[in-house]
Chemist: 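I'd like to ask you about the structure that follows.
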Amino acid sequence: MGIGVYELTGRTALVTGAASGIGRATAALLAQAGTSVHCADLDGPGARATAERITADGGAAHAHPLDVTDREQVRETVAAAVRADGRLDILAAVAGIMHSSPVLETDDADLERVLAVNFKGVLYSCQEAARAMIAGGAGGSIVTMASGAVDTGAPGLLCYGAAKAAVVQLTRTLATEVGRHGIRVNAVAPGWIRTPMTARRTPGAQHGTEQAMGRAAPLGRVGEPEDVAHSVLYLASDAASFTTGQILRPNGGVAMPW
Ligand code: NAP
């Protein structure tokens, strides 16, 4: 197996959360690998900016405003990608929100919003993409975005961690159900990555928090969005053709679960 297994020319990818952070880096890297990338995000102008940057760099990209909590919008976005390119080979379900509140202060609204975006949004994306891949008959690769929060407890991360744990269960369950169609389903569980999400989490203390998080990791630094994008590229590519139902952890070594 040569390094040509990373080549994705002729394939079509849908990336949710493509306006920012990990999603934006993932869309750019998948385009560099040769895919036609459909950049979708609640932040429509941001998705368009990502697509325009890819196109300016010589890649192929389309932009879609998308709220992943709306099943109809997800269905229409997948259909639009298939109409444009005649196929869908890769889904990177990256869109997500951070929420932190102590268990005793967590109310229904917190729980419902985080589960809606971080779990149901991923579920709808996986369902619609898998249906399109099955109809296409050429297999495919679905990559979901979990988190290091699934491996540990941390103050305030009840809703976020529960939604991400549900994403892991979705990933494993779907992998067992669509493998016979040649569709692989894997999760990426990043550690602390320098993005607008983590910047918002530590307003005014970003530098100090990043230094502390970096010191805690064997590799001595926090991650960059591109570190996660390369994990997605691996799982999306034929290099991972015998890998499904797994969790890949780009986390600098900060957690090493079995
Ligand atoms: P980010 O920079 O905030 O990007 C997330 C993107 O998702 C934003 O463009 C956001 O749009 C979009 N989004 C939010 N709700 C959406 C919805 N309902 N429909 C469609 N798009 C929506 O965050 P990030 O750090 O790159 O995180 C990306 C993913 O990685 C998330 O799932 C996150 O949980 C996961 N993750 C991140 C880290 C980390 O350390 N950064 C670690 C582990 C896992 P708006 O800006 O308009 O809300």
Side-chain angles (χ1 to χ4, degrees), residues 15-24 40-47 64-77 91-128 142-174 187-210 212-213 216 222-223 225 228 247 249 251 254-255 257:
V15 179
T16 70
S20 178
I22 293 168
R24 182 168 63 183
D41 203 289
L42 190 60
D43 175 3
H64 308 269
L66 170 66
D67 182 350
V68 294
T69 68
D70 182 331
R71 187 190 280 280
E72 253 330 295
Q73 285 188 35
V74 175
R75 185 174 296 150
E76 179 44 40
T77 302
L91 167 69
V94 180
I97 55 172
M98 166 53 67
H99 171 80
S100 181
S101 66
V103 174
L104 300 190
E105 290 166 26
T106 296
D107 60 21
D108 286 357
D110 294 335
L111 190 57
E112 279 157 22
R113 180 68 192 150
V114 178
L115 287 176
V117 180
N118 289 3
F119 176 57
K120 282 187 182 178
V122 180
L123 173 63
Y124 299 159
S125 303
C126 288
Q127 287 176 319
E128 297 305 326
I142 293 174
V143 183
T144 61
M145 200 54 54
S147 161
V150 303
D151 294 319
T152 186
L157 289 191
L158 169 69
C159 298
Y160 183 82
K164 295 297 187 181
V167 165
V168 168
Q169 191 57 26
L170 163 65
T171 302
R172 290 174 169 154
T173 307
L174 187 59
V188 175
W192 188 280
I193 309 297
R194 199 197 316 252
T195 69
M197 176 183 281
T198 45
R200 282 192 298 272
R201 200 174 161 204
T202 53
Q206 188 184 6
H207 185 62
T209 306
E210 281 179 4
M213 299 303 285
V222 297
V228 184
I247 307 176
R249 294 177 169 84
N251 62 15
V254 81

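Along the sequence shown, residues carry numbers from 1.
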Chemist: How long is the span from the OG1 atom in Thr69 to the CZ atom in Arg113, to the nearest 0.5 Å?
Modeler: 5.5 Å

Chemist: List for me each residue that meets side chain to side chain contact (heavy atoms under 4.5 Å, CB included) alongside Pro196, sequence neighbours excluded, and say none if there are none.
Modeler: Ser20, Arg200

Chemist: Hey, could you give me the NZ/OG distance between Lys120 and Ser125, rounded to the nearest 0.5 Å?
Modeler: 13.5 Å

Chemist: Write down the atom of Pro257, the atom of Ala255, and the distance for their closest heavy-atom approach.
Modeler: CD-C, 3.4 Å

Chemist: Could you measure the distance from the CD atom of Gln73 to the CG atom of Leu42? Nearest 0.5 Å is fine.
Modeler: 8.5 Å

Chemist: If we only count heavy atoms from C-beta on, is the Val143 to Leu91 side-chain gap below 4.5 Å?
Modeler: no

Chemist: Taking only residues two or more places apart in sequence, or in another chain, which ones meet Asp41 in a side chain to side chain contact (heavy atoms under 4.5 Å, CB included)?
Modeler: Ala19, Asp43, Ala47

Chemist: Between Ser147 and Tyr160, does a side chain to side chain contact (heavy atoms under 4.5 Å, CB included) hold up when you go through it step by step?
Modeler: CA-CA 9 Å; Ser147 161; Tyr160 183 82; 3.5 Å; yes

Chemist: Is a donor on one side and an acceptor on the other found under 3.5 Å between the side chain of Asp70 and the backbone of Asp67?
Modeler: no

Chemist: Out of the candidates Leu170, Ile142, Val94, only one should pair with Val122 under the side chain to side chain contact (heavy atoms under 4.5 Å, CB included) rule; please name it.
Modeler: Leu170

Chemist: Verify the distance criterion only: is there a donor paired with an acceptor across the side chains of His99 and Ser101 at less than 3.5 Å?
Modeler: yes

Chemist: State which residues pass side chain to side chain contact (heavy atoms under 4.5 Å, CB included) with Leu115; sequence neighbours excluded, sorted by chain then number.
Modeler: Leu111, Phe119, Ala163

Chemist: Let me see the working for Lys164 and Asn118 under side chain to side chain contact (heavy atoms under 4.5 Å, CB included), right down to the final yes or no.
Modeler: CA-CA 7 Å; Lys164 295 297 187 181; Asn118 289 3; 4.2 Å; yes

Chemist: Side chain of Thr16, backbone of Ala95: donor and acceptor closer than 3.5 Å?
Modeler: yes

Chemist: Show me the donor-acceptor pairs within less than 3.5 Å that the side chains of residues 149-157 make with the rest of the protein, sequence neighbours left out.
Modeler:
| from | atom 1 | to | atom 2 | distance (Å) |
| --- | --- | --- | --- | --- |
| Asp151 | OD1 | Arg249 | NH2 | 2.9 |
| Asp151 | OD2 | Arg249 | NE | 2.8 |

Chemist: Taking all heavy atoms of Val15 and all of Gly23, pick out the closest pair and write down the distance.
Modeler: CG1-O, 3.6 Å

Chemist: State which residues pass salt bridge (Lys or Arg N to Asp or Glu O under 4.0 Å) with Arg75; sequence neighbours excluded, sorted by chain then number.
Modeler: Glu72, Glu128

Chemist: Test Ile193 against Ile22 for side chain to side chain contact (heavy atoms under 4.5 Å, CB included), laying out the working first.
Modeler: CA-CA 8 Å; Ile193 309 297; Ile22 293 168; 4.2 Å; yes

Chemist: Could you give the distance from OG1 (Thr106) to CG (Leu158), rounded to the nearest 0.5 Å?
Modeler: 5.5 Å

Chemist: Taking side chain to side chain contact (heavy atoms under 4.5 Å, CB included) as the definition, give me every residue that meets it alongside Gln127, ordered by chain and number, with sequence neighbours left out.
Modeler: Arg71, Leu123, Tyr124, Arg131

Chemist: How many angstroms lie between atom OG1 of Thr144 and atom CD of Gln169, to the nearest 0.5 angstrom?
Modeler: 11.5 Å

Chemist: Write down the atom of Met145, the atom of Pro190, and the distance for their closest heavy-atom approach.
Modeler: SD-CG, 3.7 Å

Chemist: Less than 4.5 Å apart, any side-chain heavy atom of Leu66 and any of Val68?
Modeler: yes

Chemist: For a side chain to side chain contact (heavy atoms under 4.5 Å, CB included) check, start with the C-alpha distance between Trp192 and Val254, then their side-chain angles and the critical distance, and finish with the verdict.
Modeler: CA-CA 9 Å; Trp192 188 280; Val254 81; over 6 Å; no

